[in-house]
Amino acid sequence: MPEPKQILRRTPGEQNPGPISSSKISSWIGIIAKVAWRNLARNKRRSFMTILLSGFSAFLLILYSGILNGQYGAMIKSGVEIFPGYIQIAAKGYVEEPGYENQIFNLDETLEAIRGAEGVAAQTVRFQTFVLLSSDTESAGAIVTGIDPSNEPAFSKIDETLAGGKYLSPDDQNVIFIGKEMALNLGVKVGDQISYVSSAVDYSFTADNVTVGGIYRSNVSQFSSSMVFMNKAYMDQMFMTDNIASVIVIQPENIQSIDRVVKNLNQALRSDAVEAMPWSRYMSEMVDMIEVDRIFNILLLGMFVGVIFFVIMIYSLITIYGRFRELGIMRALGTSPAQVISILIFEAMALAAFSIVIGATLGGYLTYYWEIHPIPMDQYKESFEQYSQYGYEFEPQVATLFSLASILKNIILVFFLNLVAVLYPVLKVNRMKPVEAINYV
Amino acid sequence: MLIFRMAYFNLWRRKARTIAVISMITAGLVGLLFTQGIYRGFIYQMIDDALRYTGDITIHGKGYRQSKRLTDSIHMPDTVLEALSEVPGVTRVSKRLTQGGMAASARVSRPVQLTGVDPVAEKEFGRLGLFIDEGEFSLEPGTRSAVIGAGLAKDLKIKLGRKVVVTAQMNDKSLTSVALRIRGIIRVNNPSIDKESILMNMSDLRSLLGIADNRVTQISVRLENTANLEKARDTLLQKLQLQMNDLEIFTWKDLYPLYVMSIDMIWIIEAISYFIIYLMVALAIFDILLVSVLERIREFGILLAVGTPFRTFRNLILLEAMSIGFLGFVFGSLFGYALLLYLKYFGLDLSNYADALGGIGMSSVIRAEVHWFYFLNGMAATFAATFLSALVPIRILKKLKPVEAIRFT
């Protein structure tokens, strides 16, 4: 029996057919598509199982990514918005060593430099240090933050969580704003006097009596048991921090464009001493935590998807091997190896496309739905509250995050895996000799 | 024996697909064993680290957990200790006295928890001596020695042998300060110790705070078997019935509900994982058995026609399915066990994320937990999946009529 190549070879007198026209290509694709479609319709079990499994993979990947992204989003929002903010300007080295050596020592000049920077919605100044607070009966260590009472509410919303008294005002001098847990620890209420002891930025001793002007509450007990606030204008006198700040917190106009705003700010600053940075820099522990969690989840998801595509490969293998004779006859009749591969790949692509449409639609819809209507987890309310000891405040619910980029990434992955799953049987078929294939049983 | 030979030849006739299914079961089982081992290692290591210091049961004075005030201490620790001595299963007990304060090194100050301990009892209680990063767990009375948490030492920028000045409120409400020499830096993967605590001798702290009585703020208890946690708590409650107006008793489950949720989650994650993986295994085996039966339908017809009983075919199909499952299980268990042993002794090194893991009370090296029940689960799931996947092909054979089968194309 002649080899297929000999059949296809032109005879000496035959005319060159010329360059391949687009109509020839579309007709060629049309034939391949028709043959592939018939094969898919004939092998219903394989087609059904592949669409089901691959669709389930797409659904699982999209939904799981949506849940993870939703969790991480809630974690970031909670961790960032509770106090630190999305962008900070600080002295270089402050993040690593937040001591008195690493402060912004030219605050006015720095504020002037960033005035009008593109993408900045608002800014506020903070000075942070540690103090020992003592009431008549108790004492406790605390982190004191000197804030600008007019600007701060736009950033940390501490004024909205008032449990007693009133929030700080720009004229307040010897007034302190403390958390509910701290008030309980010190045994004080609004109007009581407490004293603090600390050191000023020149390392001299500083102490004063202050009145509890207001008490705030926070679900993050770690926050309200350690963070206290005073008017920075007052602290400037007591801690020698005039024209000095620990950080300038920046509220971007759009939190999706943080990196661009940071770049703009650094261009405006042009400084070797201070720098603007995104939250991921000064909250690196949270970034690492998310990364570890993501690694574990990818391992788990990878195991599921890997096994699912093993099954798709087995179904493809069985189906393609079942057509070994048929493919051998096609080769013997002049179909080139490239055409056989094209048919098989086309089949895989068609199945992948069907499955993706089903899986992505369902997964995308649920991701979108649960973003708007989170799944309540009231039975685990107490456990969710435990996250407060790590500095996070979560609602007892699971909210997804709908992201077209994430869905597209998972769609591409599923499509690629579908092609990989048929690679082995396709290559095996490609190596067959027509005679052997025809005699295959 | 004939049936074994037939099954062997049938499976070997289509090597590629048989090997593919065995490889799939192997890969799936290895993945499941890895997941079980590492997840359980992750959670139980975190709980172990927390309980090393907190204990299985913790007793505080009424309201102390919220107020953290010395006035809410346990004022009759001997009565509690006496009651504990009558609770079966209690192996170790530790008393502690804690007061908040400020610690200052040359240039940095931080809020801290000053905790007075009995060094001998504490070493035995949580084997704290084994968790010293630098120096030693040395808290001789009268020497003003201290052991400091590794995270706190880093924040205070203080090194072994240097002094740290601590300021705290005394029992009479006045402030007092003392310089303590750092004898050891400790890391127990418990954030409340590593990032906030300075440990000192109980008698030194009492004299610093001007406390003349024997009050403590916490009594921690370890049990021989944590399965008896609730029973031990109830017995203790009964023994201390008269003192319960002044005391609060917590099990670790009360203090760490997040860990309880994590343990619940392990079971849920494992159940879902097993279900998905073995559903896939069943589908794969089902497909190759079905194709294998359809390919041989004429053979079966002829054998039926010559009087071979149906049970022979049933046993043959079951044997083929079980052989695939068995081989997949054996290879999966071997590779999985090797992986688990490696992860048990060398661990999964996540040092790049050490700070983040330390923040939630985790060691940066996660060691797998190896239990025999993983393999039992794997075996049961493998054989259930193989058995179920063989049912439909067997049913097809049962309905087979010899004449139709011989003519089957």
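Chain A is the first sequence line, chain B the second, and so forth, proteins listed ahead of strands; every chain is numbered from 1. Note that the structure is predicted; figures quoted are calculated from it, not measured.
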Measuring heavy-atom distances to chain A, does [X] have an atom under 4.5 Å in its side chain, in its backbone, in both, or in neither?
{"X": "Leu350(B)", "result": "side chain"}
{"X": "Ile25(B)", "result": "neither"}
{"X": "Leu32(B)", "result": "both"}
{"X": "Leu283(B)", "result": "both"}
{"X": "Phe286(B)", "result": "side chain"}
{"X": "Asp155(B)", "result": "neither"}
{"X": "Ser174(B)", "result": "neither"}
{"X": "Thr35(B)", "result": "side chain"}
{"X": "Ile366(B)", "result": "side chain"}
{"X": "Ala103(B)", "result": "neither"}

So which part of [X] gets closer than 4.5 Å to some heavy atom of chain B, the side chain, the backbone, both or neither?
{"X": "Ile318(A)", "value": "side chain"}
{"X": "Tyr100(A)", "value": "neither"}
{"X": "Ala140(A)", "value": "neither"}
{"X": "Phe296(A)", "value": "both"}
{"X": "Leu53(A)", "value": "side chain"}

Any idea which of [options] has the most non-hydrogen atom pairs under 4.5 angstrom with chain B?
{"options": "Met313(A), Glu101(A), Glu181(A), Met303(A)", "value": "Met303(A)"}
{"options": "Ile295(A), Leu300(A), Val197(A), Ile312(A)", "value": "Leu300(A)"}
{"options": "Val287(A), Leu132(A), Thr129(A)", "value": "Leu132(A)"}
{"options": "Tyr424(A), Tyr315(A), Tyr203(A), Phe56(A)", "value": "Tyr315(A)"}
{"options": "Ile314(A), Leu133(A), Leu186(A), Leu299(A)", "value": "Ile314(A)"}

So which residue, [options], ends up with the most heavy-atom pairs under 4.5 Å with chain A?
{"options": "Lys157(B), Arg110(B), Lys68(B)", "value": "Arg110(B)"}
{"options": "Pro111(B), Ala20(B), Gly101(B)", "value": "Pro111(B)"}
{"options": "Ser109(B), Ala16(B), Ala104(B)", "value": "Ser109(B)"}
{"options": "Gly31(B), Gly100(B), Ser192(B), Ala27(B)", "value": "Gly31(B)"}

**Message:** Checking Met280(B) against Phe310(A) for the side-chain contact (heavy atoms from CB on, under 4.5 Å) test, could you report, in this order, the C-alpha distance in whole Å, the side-chain angles of both residues, the deciding distance, and whether it holds?
**Reply:** CA-CA 9 Å; Met280(B) 295 303 126; Phe310(A) 235 121; over 6 Å; no

**Request:** Enter the distance from Ser139(A):OG to Met102(B):CE here, rounded to the nearest 0.5 Å.
**Result:**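 It comes to 10.5 Å.
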
**Request:** Over all heavy atoms of both residues, which pair between Val307(A) and Gly28(B) is shortest? Give the atoms and the distance, please.
**Result:**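 Distance-wise, the nearest heavy atoms are CG2-CA, 3.9 Å.
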
**Message:** Quick check: closest heavy atoms across Leu70(B) and Glu138(A), and the distance to 0.1 Å?
**Reply:**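 Nearest pair, atom of Leu70(B) first, then Glu138(A): N-OE1, 4.3 Å.
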
Should we say atom [atom1] of [X] is surrounded by more than 12 heavy atoms from elsewhere, each under 6.0 Å from it?
{"X": "Asn209(A)", "atom1": "CG", "result": "yes"}
{"X": "Phe331(B)", "atom1": "CZ", "result": "no"}
{"X": "Met170(B)", "atom1": "CE", "result": "yes"}
{"X": "Lys189(A)", "atom1": "NZ", "result": "no"}

**Item:** Under 3.5 Å donor-acceptor, Arg69(B) side chain and Leu184(A) backbone
**Value:**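 Yes, because the side chain of Arg69(B) sits within donor-acceptor range (under 3.5 Å) of the backbone of Leu184(A).
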
